[in-house]
Amino acid sequence: MRIVIKKDPKEVGQWVAEYVIRKIKKANPTKEKPFVLGLPTGSSPLTAYQELIRRHKSGDISFKNVVTFNMDEYVGLPEDHPESYHYFMYENLFNHIDIPQENIHILNGNAKDLEKECKEYEKRIEKFGGVDLFLGGIGPDGHIAFNEPGSSLSSRTRLKTLSYDTILANSRFFDNDISKVPTTALTVGVGTVMDAREVLIIITGYGKARALRQVVEGGISHMWTVSMIQMHQKAIMVCDDPATMELQVETVRYFKDIEEIAAKRIPKRDE
Ligand code: GLP
């Protein structure tokens, strides 16, 4: 696992956006063979989305041949509800870039048959040959997408009941009223994320420090579902300084050193 530590969310966003752009350009995608990008919602990816929009507007990157799959969506929230993940994605990214509407995939939390919706989502990902790069955030309890503590580490897209911790954390978007937060969601599974050719997790703020410690220094555990990325062959965690506050000094030094040495030897790592 590679851990990149930046000063603040702005630098994290710039780094992530640059990485995504480089990957898309390197893949040289076409309509027939698009680049498949997995996307999260939440505050963590916001600076990266802002930077992607800026770079798109400056003519640096086109998303015409990019296909996206979002991680999750609440059940029962209308798509035009300001807190739905549909609304979030259009507002914060899709409305500002040139991605064709038909390339966007977000789970439908209002589908009549939710189980069928989840199964078909997996099939759609498969049809596109799998996800090239899955971006993600994590909850303060170390969950990825809505794979709450105790989720199977080989889970697939499905309906999940949200934990009290998550409902509480997300109530900030619902007038701080936990009774307004949906209690169920559709989410890709840990296994779905793990199948991506690359996984990049964004972790910012002191509120995530405990989770980062578990994921980096602890073992793999279904109680911190994102810890499964220890098994992934190509995983990157991009964090800011406050998120590393609970890591051992030695761990931080170790990963910073590796990045510094690699940057000197291979200036454009991964190209
Ligand atoms: C929700 C989402 C996750 C996201 C998490 C953290 O629970 N389902 O995908 O990673 O929130 O959100 P934030 O980045 O706002 O802290």
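Atoms within each ligand, like the ligands themselves, are counted from 1 in listed order. Just so it is clear, the values below take in all heavy atoms, side chains as well, and ignore hydrogens, waters and symmetry mates.
Crowding of Gln233 atom CD: a count of heavy atoms from other residues, nucleotides or ligands under 6.0 Å not exceeding 12. Under a cut-off of 6.0 angstrom, the local environment of CZ in Arg156 is crowded, with over 12 non-hydrogen atoms contributed by other residues, nucleotides or ligands.
Every residue meeting the side-chain contact (heavy atoms from CB on, under 4.5 Å) condition with Asp132, not counting sequence neighbours, appears here in chain and number order: Phe35, Val36, Arg197.
Short contacts between ligand 1 and Lys208, defined as distances under 4.0 Å to a heavy atom of the residue, involve ligand atoms 13 (P), 14 (O), 16 (O). Of all atoms in ligand 1, listed by their number and element, those nearer than 4.0 Å to a heavy atom of Tyr85 are 1 (C), 2 (C), 8 (N). Near Asp72, meaning under 4.0 Å from any of its heavy atoms, are these atoms of ligand 1: 2 (C), 8 (N), 9 (O). Residue-ligand proximity, Ala145 to ligand 1, at heavy-atom distances under 4.0 Å covers atoms 2 (C), 3 (C), 8 (N), 9 (O). Near Asn170, with a cut-off below 4.0 Å to any heavy atom, the atoms of ligand 1 are 1 (C), 7 (O).
Proximity of the aromatic rings of Phe69 and Tyr121 is defined here by a centroid distance below 6.0 angstrom, and this criterion is met.
Between Thr41 and ligand 1, a contact under 3.5 Å exists for no N or O pair. At under 3.5 Å, not a single nitrogen or oxygen of Gly139, backbone or side chain, sits near a nitrogen or oxygen of ligand 1.
Of the candidates Leu46, Asn70, Leu93, Leu46 is the only one forming a side-chain contact (heavy atoms from CB on, under 4.5 Å) with Phe88.
Of all the heavy atoms of Ile138, the ones lying under 4.0 Å from any atom of ligand 1 belong exclusively to the backbone.
Assignment of Arg172 to the shell around ligand 1 is supported, since a heavy atom sits closer than 4.0 Å.
Leu162 belongs to a hydrophobic cluster with Tyr74, Leu77, Tyr85, Phe146, Tyr164, Ile167, Leu168, Phe173, Phe174, Ile178, Val181, counting contacts under 4.5 Å between side-chain heavy atoms of Ile, Leu, Val, Met, Phe, Trp and Tyr, direct or through other members.
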